[in-house]
Amino acid sequence: MSVTSRSLILSFILIGCAFILYRISSNIDKPSNNDILNEYPTFTAVNFDADSFDKEGLLTYSFKADDVIYYKKQDLLNFSNPLGIYYDHQKTGVEPWQITANDGSMILNKEVELDGNVVVVPLFTDAPITEFTTGFMHFDMIKNVITAPGKVNIKGTNFTNTGSNLVGNLTTKECTISGDPHAHYIP
Amino acid sequence: LESDYSKPVNVLSVEQFADLKANKVIFSGNVVATQGTMKITADKVEITRDDEGKLKMVTAYGSPTTFEQMMENGKPIHSRSATINYEPNKNLIVLTGKATVWQGESRMVGERIEYNVKTQTMRANNKTKSQGGRVSSTFIPSDFQQQKK
């Protein structure tokens with residue numbers, strides 16, 4: 001075999017190895033689709049403003065936040081300075097409740113966690129309570145149950161109520177405080 | 001004291017359950033409810049409010065419930081009974097179930113004792129077989145002499 005053909009074969013082999021190495025190295029750095037979905041947000045937004053409607057077209061939630069980061073894979077929404085309004089449709093009419101907090105996160109249609117300065121106030125008259133404040137609140141959107149493990153403070157027309165470890169059922173409108181409840185009624 | 005009824009009501013307990021639709025709150029476990037000099041202790045207390053949020057009824061259950069209050073004459077009154085019903089709008093406290101009321105050395109026992117906080121009058125009856133269906137009261141003269149001074 002002549003020198004020229006030997007060098008031709010050798011150069012083809014080298015080119016082939018270089019190409020294979022190039023393919024391998026570019027694949028190592030390139031994250032898979034799953035990695036991207038897991039690691040990187042699907043979208044981020046500022047001054048986020050959204051409304052959610054039920055199947056009958058009734059407005060159930062409206063939701064504003066300064067910053068929002070959404071991860072499609074986990075259906076996870078992280079947000080800061082949220083202002084949410086929950087529209088409680090009763091036979092007697094709509095009873096909107098406004099909820100604000102420092103930060104929070106939501107797994108769509110499943111649960112919401114609000115953290116820091118959580119304040120709930122009714123946006124309608126003759127509500128049973130006029131203000132509810134706590135440091136952290138979890139809202140199970142499936143069972144319609146809120147839980148607040150820390151200290152809670154509830155105000156109403158001529159009463160205040162403090163305690164901790166609150167569980168509230170928004171459907172039955174019943175709530176239990178099992179941590180040092182203290183009720184104060186003004187006649 | 002007369003001024004008690006304009007004072008706030010404070011209720012402490014182990015657990016509290018609120019039914020916002022029925023405007024009812026149930027306190028359970030070592031319940032202590034105070035209003036001025038009035039103090040009720042019970043195992044369970046139910047507080048119902050009217051639509052304006054005013055106190056409508058306070059019902060205490062215990063084994064027994066106790067009630068105490070300082071009277072205008074400076075003498076404390078205290079009681080024991082299975083239940084206590086307090087209706088602020090009617091100024092009425094009703095003790096039922098082996099009810100006993102003491103003031104100083106004087107004592108009244110009956111199945112049901114009604115006490116009107118405004119007029120400070122008390123009525124007892126005993127519609128059960130205990131004590132032969134009669135009310136028993138013991139008044140100590142010394143309590144009266146001191147009141148006459």
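Residue numbers start from 1 in every chain, and the chains themselves are labelled A, B, ... in the order their sequence lines are given, proteins ahead of strands. What you see below is based on every heavy atom in this structure, not just the backbone, and it leaves out hydrogens, waters and symmetry mates.
Looking at B:Leu55, only its side chain comes within 4.5 Å of chain A, counting heavy atoms on both sides.
The environment of A:Phe43 atom CZ is dense: over 12 non-hydrogen atoms of other residues, nucleotides or ligands sit within 6.0 angstrom.
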Here's a test: name every donor-acceptor pair under 3.5 Å between chain B and chain A, with the distance for each.
residue	atom	partner	partner atom	Å
B:Val9	N	A:Tyr185	O	2.7
B:Val9	O	A:Tyr185	N	2.6
B:Asn10	OD1	A:His182	NE2	2.7
B:Asn10	OD1	A:His184	ND1	2.8
B:Asn10	ND2	A:His184	ND1	3.3
B:Val11	N	A:Ala183	O	2.8
B:Val11	O	A:Ala183	N	2.9
B:Gln16	N	A:Ile177	O	2.8
B:Gln16	O	A:Ile177	N	2.7
B:Gln16	OE1	A:Asn161	ND2	2.8
B:Gln16	NE2	A:Asn161	OD1	2.7
B:Ala18	N	A:Cys175	O	2.6
B:Ala18	O	A:Cys175	N	2.8
B:Leu20	N	A:Lys173	O	2.8
B:Arg49	NH1	A:Thr157	O	3.3

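Grouping Ile, Leu, Val, Met, Phe, Trp and Tyr by side-chain contacts under 4.5 Å, direct or through others, puts A:Val167 with A:Val145. Members clustered with B:Phe17: B:Ile26, by chain and number, using a 4.5 Å side-chain heavy-atom cutoff among hydrophobic residues.
In this structure, B:Val14 and A:Pro181 approach most closely via the heavy-atom pair O-CD, 3.3 Å.
B:Val9 and A:Ile186 are not part of a single hydrophobic cluster, where members link through side-chain heavy atoms under 4.5 Å apart. The hydrophobic cluster containing A:Met137 does not contain A:Val121, counting ILVMFWY residues as joined when their side-chain heavy atoms lie under 4.5 angstrom apart, directly or transitively. Residue A:Ile85 is not grouped with residue A:Val120 when hydrophobic side chains (ILVMFWY) are merged at heavy-atom distances under 4.5 angstrom, including chains of intermediate members.
Ranking A:Pro128, A:Ala183, A:Ala127 against chain B, the residue ahead of the rest is A:Ala183, based on heavy-atom pairs under 4.5 Å.
By the side chain to side chain donor-acceptor pair (under 3.5 Å) test, B:Ser79 is found to be paired with no residue, residues two or more places apart in sequence or in another chain being considered.
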